[in-house]
Amino acid sequence: MVIKAPKLDHQIQIDEFNIQVPWGHIACRWWGSKSLQPIICLHGWQDNAGTFDRLIPLLPTHLSYLVIEFPGHGLSSPIPHGMIYTYSTFLYVLMFVIKKYNWKRVSLLGHSLGAMVSYTFASTFPDRCDMVISVDLIKPDTLWRDFALKFLIRDINNIYIADKRNQENSEPPSYTYDDLIKKRHSNKSFPMNIESLPFLMYRGARPSKSDPNKYYFSCDGRLKEFEIIIPVDVYDDMAKRIVSPFCFIKAQQSLFPETEYLRIIENMQSNQSFELHRVEGGHHAHLDNPEAVAAVVSKFIDRYRPLDCKL
């Protein structure tokens, strides 16, 4: 039995479709009129498009919002067997979508991994980024020496195991729906309100073939470890290259400390349109506390993407 999406009280038209890519497809959800160039919304690591289901209905309606799912997440195809996810994989997918629609400039809204990709795109292609909204994170994880060694020693072997499972088409462990929710809720690294979890589960879990009353997490197992190759001293240069309006929304109860981003924030002060806001909530504040996040995002959108704005 397929898990049904939680019901939301909104009148926004949602178009579900796929963008074909060489290895399969990218699953997309377009909120609002497709005649309007959307804000591109990018979800977090091992999350999916459902992460924005409670936020987007609260945002300005003079725009549309395109949520894309990264490879191996949600309903998007995983990368081919025998390959490893890298940070560049996700940046490439964003560029693929932009090229498909021939957009010259884009606005981005990202959470966690999606925020990291938005930051990287805005610094790598500053003339092509119109606006960035970043929820809880900014930059990718720092490539410290110990981190690099951990990837080589442990993660490569885990990726091999996950890839072998994919090739054999064997399922990961499955659970009843209630146990699935409980298991995800017990994740201490990314705690969430239990009421928010159904918004991720309907695109992030699939029914077991061996037991129709059970489900398994459908994220590609190779995603549990992926390679980030940006050296720590490059982040300062990246921050200085961002010229577009940038809104950083930091969740106060997140396990990711704000002190991790002090140098980035300092380097972005030269950008006159950089804003730092703090909201109550954990890492998934946009899902657990959407009203607070929407209040900040809406003001930022009205300031930099008003009704008469053209990219």
Side-chain angles (χ1 to χ4, degrees), residues 2-16 27-33 38-70 73-76 107-115 117-118 132-137 177-178 180-182 184-185 187 190-205 217-219 247-256 277-302 305:
V2 177
I3 300 174
K4 293 183 179 181
K7 290 185 178 181
L8 283 172
D9 184 20
H10 67 81
Q11 304 298 318
I12 307 174
Q13 176 183 347
I14 304 176
D15 183 21
E16 299 247 6
C28 303
R29 305 186 85 205
W30 195 312
W31 295 67
S33 173
I39 292 179
I40 301 176
C41 304
L42 305 173
H43 62 77
W45 177 57
Q46 298 194 86
D47 287 348
N48 54 63
T51 195
F52 295 109
D53 281 7
R54 302 181 82 181
L55 178 64
I56 290 178
L58 304 177
L59 300 183
T61 56
H62 67 271
L63 292 175
S64 62
Y65 304 86
L66 172 61
V67 187
I68 66 176
E69 288 181 326
F70 290 127
H73 295 77
L75 305 183
S76 285
S107 300
L108 304 173
L109 189 166
H111 165 248
S112 193
L113 171 61
V117 172
S118 299
V132 177
I133 300 167
S134 171
V135 180
D136 201 41
L137 299 187
Y177 182 74
D178 288 343
L180 193 82
I181 292 291
K182 290 177 183 177
R184 175 58 183 84
H185 189 243
N187 187 328
F190 301 99
M192 294 178 61
N193 292 347
I194 198 166
E195 296 82 8
S196 298
L197 289 173
F199 292 94
L200 294 178
M201 289 302 102
Y202 80 94
R203 298 179 73 93
F217 295 105
S218 57
C219 258
C247 177
F248 179 32
I249 303 172
K250 191 70 189 75
Q252 291 289 72
Q253 284 73 47
S254 169
L255 296 181
F256 295 93
H277 298 269
R278 300 175 180 88
V279 298
E280 291 296 311
H283 183 56
H284 288 80
H286 63 296
L287 196 50
D288 290 337
N289 189 12
E291 292 81 8
V293 175
V296 175
V297 173
S298 296
K299 288 181 180 179
F300 194 77
I301 289 175
D302 287 339
R305 285 289 304 273

*Determine, step by step, whether L58 and E291 satisfy the side-chain contact (heavy atoms from CB on, under 4.5 Å) criterion, reporting the C-alpha distance in whole Å, the side-chain angles of both residues, the deciding distance to 0.1 Å, and the verdict.*
CA-CA 7 Å; L58 304 177; E291 292 81 8; 4.2 Å; yes
_Under 3.5 Å: donor-acceptor pair, side chain of N187, backbone of F190_ = yes
*Pairwise distance CZ(R305) to CZ(F300) - rounded to 0.5 angstrom*: 11.5 Å
*Distance-only, no hydrogens or angles: does the N48 side chain make a donor-acceptor pair with backbone N or O of L200 under 3.5 Å?*
yes
*How many angstroms lie between atom OG of S134 and atom CG of L42, to the nearest 0.5 angstrom?*
10.5 Å
_For a 4.5 angstrom cut-off between non-hydrogen side-chain atoms, does W31 reach P57?_
yes
*What residue pairs, at least two apart or across chains, pass salt bridge (Lys or Arg N to Asp or Glu O under 4.0 Å) with a residue in residues 48-69?*
R29-D53, E69-R203
*Does D302 have any salt bridge (charged side-chain N to carboxylate O under 4.0 Å, His left out) partners at least two apart in sequence or in another chain, and if so, which?*
none
*Decide side-chain contact (heavy atoms from CB on, under 4.5 Å) for I249 and I133; before the verdict, give the C-alpha distance in whole Å, the side-chain angles of both, and the deciding distance to 0.1 Å.*
CA-CA 8 Å; I249 303 172; I133 300 167; 4.1 Å; yes
_Shortest non-hydrogen separation from D136 to S254 and the atoms involved_ = OD2-OG, 2.7 Å
*Does Q13 reach the main-chain N or O of G32 with its side chain, forming a donor-acceptor pair under 3.5 Å?*
no
_Heavy-atom pair with the smallest gap, counting every atom of L55 and P290_ = CD1-O, 3.8 Å
_Donor-acceptor under 3.5 Å (D15 side chain, W30 main chain)_ = no
*ring-ring contact (aromatic ring centres under 6.0 Å, His included) partner of F52, the single match among H284, H286, H111*: H286
*Would you say the side chain of C247 lies within less than 4.5 Å of the side chain of V296, judging by non-hydrogen atoms?*
yes
*Hey, is the main chain of G281 close enough, under 3.5 Å, to the side chain of D288 for a donor-acceptor pair?*
no
*Calculate, to the nearest 0.5 Å, the distance between atoms CZ and CG belonging to R184 and L197 respectively.*
6.0 Å
*asked:* To check you understand the geometry: which heavy-atom pair defines the closest contact between A292 and V279, and what is its length?
replied: O-CG1, 4.2 Å
*Atom of S298, atom of P60 and distance for their closest heavy-atom approach*: OG-CD, 3.4 Å
_For a side-chain contact (heavy atoms from CB on, under 4.5 Å) check, start with the C-alpha distance between V117 and L108, then their side-chain angles and the critical distance, and finish with the verdict._
CA-CA 9 Å; V117 172; L108 304 173; over 6 Å; no
*Just by distance, do the side chain of S118 and the backbone of L109 share a donor-acceptor pair under 3.5 Å?*
no
_So, taking the atom named CD in E280 and the one named CG in N289, what distance separates them when rounded to the nearest 0.5 Å?_
7.5 Å
_Straight-line distance of I40 CD1 to Y65 OH, nearest 0.5 Å_ = 13.5 Å
*Where is the tightest heavy-atom contact between Y202 and G50, given as atom of each residue plus distance?*
OH-CA, 4.0 Å
*Considering all heavy atoms of both residues, which atom of I56 and which atom of I12 are nearest to each other, and what is their separation?*
O-CD1, 4.2 Å
_Spacing of F70 atom CZ and C219 atom SG [to the nearest 0.5 Å]_ = 12.0 Å
